[in-house]
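Just below is one structure, and these are the notes that go with it.
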Protein chains: 2
Amino acid sequence: MRIGELAAASGLTAKTIRFYEQAGLLPEPPRTPGGYRDYPPQSRVRLAFVREAQSAGLTLAEIRSILALRDSGEAPCAHVADLIQQRLAGIERRLAELRATRTALRTLAERAATTDPSSCTDVDICSIIATRQTSDNEGLSASG
Amino acid sequence: MRIGELAAASGLTAKTIRFYEQAGLLPEPPRTPGGYRDYPPQSRVRLAFVREAQSAGLTLAEIRSILALRDSGEAPCAHVADLIQQRLAGIERRLAELRATRTALRTLAERAATTDPSSCTDVDICSIIATRQTSDNEGLSASG
DNA sequence: CTAGACCCTCCAGCACGCTGGAAGGTCAAG
DNA sequence: CTTGACCTTCCAGCGTGCTGGAGGGTCTAG
């Protein structure tokens, strides 16, 4: 099957499929005499797998590593379980960050609700966000 | 003050400060006869504000819009309150996405724990992630 | 005068997952 | 033969927030 057909079957674009090939997710298919990519039916399964894995939050690099293992004949189960745990940990981290940011924003939102525009002086730019005083000896330092 | 001093005072690098200038976050300072940037003391406040706003989860583009308002003489309070609400909504969305991904991953993790490598046949690549059958009439379609 | 710290501009790249376009080739129908 | 759908390659860009380096200029101390 040609790339357009595969694209239609998998719900991707031809561009994306070529990109996946270049990214090492889909092996280079044989070509027709005219130089067209000629995919075997299994390619649909492969692309479906890529999409499944993506929707599970795995990156293309991770998916590639799974596929590489499978292609080498090994059962990638252990590797997959590992990736899943790593991703899970990463997501927990990201969730914690986002929750912290949300807390910061909520504080700001509260402050915004109780802030009188007239209290916003020019020097501190925005008293909602930065409530610091503009004295000469404020202790600015690297915080990150 | 020169850029290095401002960098040290604000905990940023000179590179970052130039980048902020180019990004419209910090106005172009006057130059010394030798061509060096010569910052007024308020620049420290401005950079501190940028960092504060960043840690509150605002993007540089949003921060720029706040600063532009302030620079135009308006109190940006209402705008800031608006941005905060938008960011908050965005974060809620992102949190929901991440939680969904986490749920998907946890399902996968459970499956991984109970999967026997021998059940991973070659055709379906990885039965942990994709449990679909590889029959000829499987209904593959775009799933979003 | 030289060394060295500091500064300048400009260009390029990181990661991530594509997407768009240019310029051209292939193939079937009419 | 022409049209048009489809395909090819290659190059470039999106957005985000920087970071690195090249290749040079400025200033201060000794």
Side-chain angles (χ1 to χ4, degrees), chain A residues 1-26 28-39 43 47 49-65 67 83 86-87 90-91 93-94 97-98 101 142-144, chain B residues 1-26 28-39 43 47 49-65 67 83 86-87 90-91 94 97-98 101 142 144:
Chain A
M1 90 202 297
R2 282 183 308 171
I3 198 168
E5 200 182 337
L6 180 59
S10 60
L12 302 171
T13 67
K15 280 269 187 195
T16 302
I17 292 174
R18 284 191 210 100
F19 169 75
Y20 282 176
E21 176 182 321
Q22 193 214 323
L25 294 165
L26 195 60
E28 288 189 36
R31 302 290 180 123
T32 65
Y36 290 4
R37 288 175 177 80
D38 188 20
Y39 293 97
S43 294
L47 289 180
F49 171 78
V50 170
R51 297 313 259 185
E52 286 268 345
Q54 258 196 315
S55 76
L58 300 182
T59 65
L60 294 188
E62 288 166 339
I63 298 168
R64 177 171 51 229
S65 71
L67 289 168
L83 282 180
Q86 284 177 29
R87 266 291 109 192
I91 286 187
R93 253 179 280 124
R94 197 65 70 182
E97 283 175 13
L98 276 181
T101 299
S143 59
Chain B
M1 93 201 294
R2 283 182 307 172
I3 198 167
E5 201 183 336
L6 180 60
S10 60
L12 301 170
T13 66
K15 281 268 186 195
T16 301
I17 291 173
R18 284 190 210 101
F19 169 75
Y20 281 176
E21 176 183 321
Q22 193 215 322
L25 294 165
L26 196 60
E28 288 188 35
R31 300 290 180 123
T32 65
Y36 290 4
R37 288 176 177 80
D38 188 20
Y39 293 96
S43 294
L47 288 179
F49 172 78
V50 171
R51 296 313 259 184
E52 286 269 345
Q54 257 196 315
S55 76
L58 300 182
T59 65
L60 294 188
E62 288 167 339
I63 298 168
R64 178 171 52 228
S65 72
L67 290 168
L83 283 179
Q86 284 176 30
R87 267 289 112 192
I91 286 187
R94 197 66 68 183
E97 283 175 14
L98 276 181
T101 299

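Chain A is the first sequence line, chain B the second, and so forth, proteins listed ahead of strands; every chain is numbered from 1. What's counted below: heavy atoms across the whole structure, side chains too, no hydrogens, waters or symmetry copies.
- Note: B:Ile17 CD1 to B:Leu25 CG = 12.0 Å, rounded to the nearest 0.5 Å.
- Rounded to the nearest 0.5 angstrom, B:Arg18 CZ and B:Thr13 OG1 are separated by 8.5 Å.
- Residue-level contact check: A:Arg37 touches the backbone only, with heavy atoms under 4.0 Å from sugar-phosphate atoms and none from bases.
- Note that the CZ atom of B:Arg31 and the CZ atom of B:Arg2 stand 13.0 Å from one another [nearest 0.5 Å].
- When all heavy atoms of B:Ala7 and B:Ala14 are compared, the closest pair comes out as CB-N, 3.7 Å.
- Chain B approaches DNA chain D within less than 4.0 angstrom (heavy atoms of the protein), and the contacting nucleotides run 5' to 3' from D:dG17 to D:dC27.
- Partners of A:Arg87 according to the salt bridge (charged side-chain N to carboxylate O under 4.0 Å, His left out) rule, which considers only residues two or more places apart in sequence or in another chain, are A:Glu62.
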Scan nucleotides 13-17 of chain C against the protein and return all N/O pairs shorter than 3.5 Å with their distances rounded to 0.1 Å.
residue: C:dG17; atom: OP2; partner: A:Leu60; partner atom: N; Å: 3.4

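- Here B:Glu97 pairs with B:Arg94 under the salt bridge (charged side-chain N to carboxylate O under 4.0 Å, His left out) rule; sequence neighbours left out.
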- Item | B/S/- contact track for nucleotides 22-30 of chain C, protein heavy atom under 4.0 Å | ---BBS---
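- With values rounded to the nearest 0.5 angstrom, A:Leu12 atom CG is found 10.0 Å from A:Leu26 atom CG.
- Between the CD1 atom of B:Ile3 and the P atom of C:dC6 there is a distance of 13 Å, rounded to whole Å.
- Whole-Å rounding puts the B:Arg31 CZ to C:dC7 P distance at 12 Å.
- Here the straight-line distance linking atom CZ of A:Phe19 with atom CG of A:Leu60 works out to 6.0 Å at 0.5 Å rounding.
- Atom NZ of B:Lys15 and atom OH of B:Tyr20 lie 15.0 Å apart (nearest 0.5 Å).
- Between B:Gln22 atom CD and C:dC8 atom C1' the separation is 14 Å, expressed in whole Å.
- In this structure, B:Asp38 contributes its side chain and B:Met1 its backbone to a donor-acceptor pair below 3.5 Å.
- Nearest heavy-atom pair, B:Ala23 versus B:Arg64, reported as atom, atom and distance to 0.1 Å: O-NH1, 2.6 Å.
- Over its length, the helix from C:dC1-D:dG30 to C:dG30-D:dC1 turns its helix axis by 40°, as judged from the five terminal pairs at each end, rounded to 10°.
- Contact record, B:Thr101 with A:Ala56: CG2-O, 3.7 Å, taken as the closest heavy-atom pair.
- Nearest heavy-atom pair across A:Leu98 and B:Leu98 is CD1-CD1, 3.7 Å.
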